[in-house]
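In what follows, a single structure is set out as structure tokens and then discussed.
Predicted, not measured: the structure shown is a model, and the values here were computed from it. Along the sequence shown, residues carry numbers from 1.
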Amino acid sequence: MLNYLWALMILIGIVVGICNGRIEDLGNGALEAAGSAVTLCITMLGIMSLWMGLMQIARASGLLERMTKGMRPVIRFLFPDLPAESPAGEYIATNMIANLLGLGWAATPAGLKAMQELGEVEKERRKKKHLSVEEGTASKEMCIFLIMNISSLQLIPINMIAYRSQYGSANPAGIIVPAIMATFLSTLTAVIFCKWKGKKGKR
């Protein structure tokens, strides 16, 4: 659906440019935007390579494992019905840590694995209750994880800093404090919502 929306906006822009007799400006704008996109990708590649390297060092040194263990109380609070032996807990913790550091791209693989494991947990749960296993139906844990992933508290918004740096901001890192405040409020709202829905569901 999103592809259709982008195609429609591009088509509307071309039609408006032709109707206003600004087809030359349209062509120049497209070329400039393409050049900016390439430059932005190179900038993002450098920043993400740096942070991915730091993540690998943290993993090799055991720091990431200790951070993951430190996230266990948070995982138990958010996912009280998740079995302690499930690998989903580790993937969820890794995803949250990556999001905290602003490494959205690095968080994606762990997030996908967490969703797969949560799906397996739901299948086993339904089998034990002799219920039919419906493909494509999200469990409570999957919904909570998705909500927390979207709200995503970030201490260092790497992507936004890179964008601001690319487009000439005098202080690219000036977004850090507002970003922490905004994502803290969004995450707090997400936690309250999930807990409220959980209690409502039990009643």
_A side-chain contact here means heavy atoms from C-beta on lying under 4.5 Å apart; do Cys194 and Leu78 qualify?_
no
query = How about Met96 and Leu153: do any of their side-chain heavy atoms sit closer than 4.5 Å?
reply = no
- Query: So, does Arg164 use its side chain to make a donor-acceptor pair with the main chain of Asn171 at under 3.5 Å?
  - Reply: yes
With [X] via side chain to side chain contact (heavy atoms under 4.5 Å, CB included) - residues at least two apart:
{"X": "Ser151", "value": "Met148, Ser186, Thr187, Ala190"}
{"X": "Leu185", "value": "none"}
{"X": "Leu112", "value": "Thr108"}
{"X": "Ile18", "value": "Ile14, Ile23"}

Going by chain and number, the hydrophobic cluster around Val16 (ILVMFWY, side chain to side chain under 4.5 Å) further includes Leu8, Ile12
Using a 4.5 Å side-chain heavy-atom cut-off and chaining through intermediate ILVMFWY residues, the residues clustered with Tyr91 come out as none
- request: Walk me through it: do Met71 and Ile92 pass the test side-chain contact (heavy atoms from CB on, under 4.5 Å)?
  value: CA-CA 9 Å; Met71 291 289 292; Ile92 291 171; over 6 Å; no
How many angstroms lie between [atom1] in [X] and [atom2] in [Y], if you round to the nearest 0.5 Å?
{"X": "Gln116", "Y": "Met142", "atom1": "CD", "atom2": "CE", "result": "9.5 Å"}
{"X": "Phe193", "Y": "Cys143", "atom1": "CZ", "atom2": "SG", "result": "9.0 Å"}
{"X": "Lys140", "Y": "Lys197", "atom1": "NZ", "atom2": "NZ", "result": "12.0 Å"}
{"X": "Phe184", "Y": "Leu155", "atom1": "CZ", "atom2": "CG", "result": "11.5 Å"}
{"X": "Tyr4", "Y": "Leu11", "atom1": "OH", "atom2": "CG", "result": "14.5 Å"}
{"X": "Leu118", "Y": "Glu122", "atom1": "CG", "atom2": "CD", "result": "9.5 Å"}

Residue pairs meeting side-chain hydrogen bond (donor to acceptor under 3.5 Å, both in side chains), one or both in residues 94-104, sequence neighbours left out, come to Asn95-Asn99, Asn95-Asn149
Hits for salt bridge (Lys or Arg N to Asp or Glu O under 4.0 Å) against Glu120, two or more places apart or cross-chain, chain-then-number order -> Lys123
Problem set entry | hydrophobic_cluster_shared for Ile97 and Ile150, side chain cutoff 4.5 Å | yes
Residues, nucleotides or ligands: over 12 heavy atoms within 6.0 Å of Glu90 CD
no
Other residues, nucleotides and ligands only: do more than 12 of their heavy atoms fall within 6.0 Å of CE on Met9?
yes
Note: Ser86 and Val121 closest approach over all heavy atoms is OG-CG2, 3.5 Å
Nearest heavy-atom approach of Phe145 to Gly111 is CE2-O, 3.6 Å
Q | Quiz item: cation-pi between Lys195 and Phe77, 6.0 Å / 45° | A | yes
Contacts satisfying salt bridge (Lys or Arg N to Asp or Glu O under 4.0 Å) that involve residues 141-160 (not counting sequence neighbours) are Arg125-Glu141
